Asker: 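This is the structure I want to talk about, given as C-alpha cells.
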Amino acid sequence: MSPDQEPTPRSTDPGTPAADRPLRAHARRNREKLIAAAREAFTAPDDGAPLEGIAREAGVGIGTLYRHFPTREALVEAVYAAELEAVTADATALLDELPPERALRAWMERYAGFVATKRAMVNTLHSGWASGRITAPATRERITAAIGSLLAAGARTGALREDVEADDVTAMLLGVFLSTAAEDDPARTGRLLDLVVDALRPPVPSP
C-alpha cells in the first residue's frame with residue numbers, strides 16, 4: 001500500500017459503527033502528523049514550506065494531505081487552531097503541576113511559542129480572515145481566560161495580586177512580544193517576562 005492510501009476497515013458486519021473505527025483512527029493520526037509537520041515547516045527559518053515537503057515529513061502522500069486540507073489556508077488554519085487549543089489547555093495542566101506563580105511563568109513561555117508560530121503564518125492568516133476563507137477565532141478572549149484562571153489561582157494562595165485584570169496582563173505580554181519581535185534574544189524576552197510576573201506579586205508591606 002502506498003503512503004497515499006488509507007486502508008479500508010475490515011469487519012464481518014460493515015454496517016455496524018465499529019466498522020469505521022479503524023479508518024477514523026488512521027485518518028486522525030494522519031491529520032495529527034500533518035499538523036505537526038506543518039507547524040515545524042511554517043516556523044522554520046526557510047518558510048517556503050512546500051506542501052509536498054510537509055506531506056513527506058508527515059510520512060503520507062500529497063493526496064492524503066489534500067484530502068484533509070484542500071488548500072494551504074486550510075492547513076494554516078488547522079495549525080493555528082491546534083496551537084490555540086494547546087496553549088489555552090496548558091494553563092490548567094500547569095496549575096495541576098506547579099504553584100500558581102510558577103505555572104504562570106511557565107505558561108508565559110508557552111504563550112511566547114504560540115505567538116511565534118502565529119507570526120510565522122501571519123500573512124496567510126490575515127488574508128484568510130479578511131476574505132472569510134479562514135474563520136477568525138476568539139483568540140484574545142481565550143488567551144485572556146487562560147490568564148484569568150492562572151491569576152485567580154495565584155490570588156487564592158496569596159502568591160499573586162487580586163486587583164489585576166486579566167486583559168491588562170494580556171496587553172503587557174503582547175507588548176513584550178511586540179517589542180522583541182525583531183530580535184533573536186530569548187534571554188531578554190525571559191527577563192521581561194520575569195518583570196511581568198514580579199509586577200503581579202502582592203506588594204511587600206512596609207515595615
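From a predicted model like this one, the values you see are computed outputs, not experimental measurements.
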Asker: Give me the atom names and distance for the closest heavy-atom approach of Val79 to Phe42.
Answerer: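 That closest heavy-atom pairing would be CG2-CE1, 4.1 Å.
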Asker: Kindly write out the residues that satisfy side chain to side chain donor-acceptor pair (under 3.5 Å) with Thr135, not counting sequence neighbours, or none if the list is empty.
Answerer: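 Side chain to side chain donor-acceptor pair (under 3.5 Å) list for Thr135, sorted by chain: empty.
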Asker: Could you check whether any side-chain heavy atom of Trp107 comes within less than 4.5 Å of a side-chain heavy atom of Ile147, counting everything from C-beta outward?
Answerer: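 The answer is yes, as the side chains (C-beta and beyond) meet within the 4.5 Å cut-off.
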Asker: Any idea which heavy atoms bring Leu34 and Leu75 closest together, and the distance?
Answerer: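 Heavy-atom minimum between the residues: O-CD1, 4.4 Å.
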Asker: Could you work out, with side chain to side chain donor-acceptor pair (under 3.5 Å) as the rule, every residue matching Asp163, not counting sequence neighbours?
Answerer: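 Asp163: side chain to side chain donor-acceptor pair (under 3.5 Å) contacts with Arg161.
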Asker: Does anything in residues 69-95 pair up under ring-ring contact (aromatic ring centres under 6.0 Å, His included), and if so which pairs, sequence neighbours excluded?
Answerer: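 ring-ring contact (aromatic ring centres under 6.0 Å, His included) check on residues 69-95 returns Tyr80-Phe114, Tyr80-Trp129.
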Asker: With a 4.5 Å cut-off on side-chain heavy atoms, are Glu165 and Val169 touching?
Answerer: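 No. Closest side-chain heavy atoms not under 4.5 Å.
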Asker: Sequence neighbours excluded and cut-off under 3.5 Å, please list the side-chain donor-acceptor pairs for residues 150-160, or say none.
Answerer:
unit_1: Thr157; atom_1: OG1; unit_2: Gly154; atom_2: O; d: 3.1
unit_1: Thr157; atom_1: OG1; unit_2: Ala159; atom_2: N; d: 3.4

Asker: Restricting to side chain to side chain contact (heavy atoms under 4.5 Å, CB included), what partner residues turn up for Arg142, sequence neighbours left out?
Answerer: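 For Arg142 the side chain to side chain contact (heavy atoms under 4.5 Å, CB included) partners, ignoring immediate neighbours, are Leu84, Glu85, Thr88.
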Asker: Is it the case that more than 12 heavy atoms not belonging to Glu73 sit under 6.0 Å from its CD atom?
Answerer: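 More than 12 heavy atoms, drawn from other residues, nucleotides or ligands, come within 6.0 Å of this atom.
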Asker: How close do Ala78 and Ile35 get, heavy atom to heavy atom, and via which atoms?
Answerer: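 So the two residues come closest at CB-CD1, 4.1 Å.
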Asker: Salt bridge (Lys or Arg N to Asp or Glu O under 4.0 Å) between Arg201 and Glu101: does it pass, once the steps are laid out?
Answerer: CA-CA 8 Å; Arg201 299 184 194 277; Glu101 68 278 17; 5.0 Å; no
Asker: Salt bridge check, Arg39 against Glu83: does any charged N sit closer than 4.0 Å to a carboxylate O?
Answerer: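 Yes, this pair counts.
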Asker: Can you list every ring-ring contact (aromatic ring centres under 6.0 Å, His included) pair that touches residues 172-200, not counting sequence neighbours?
Answerer: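 For residues 172-200: Tyr111-Phe177.
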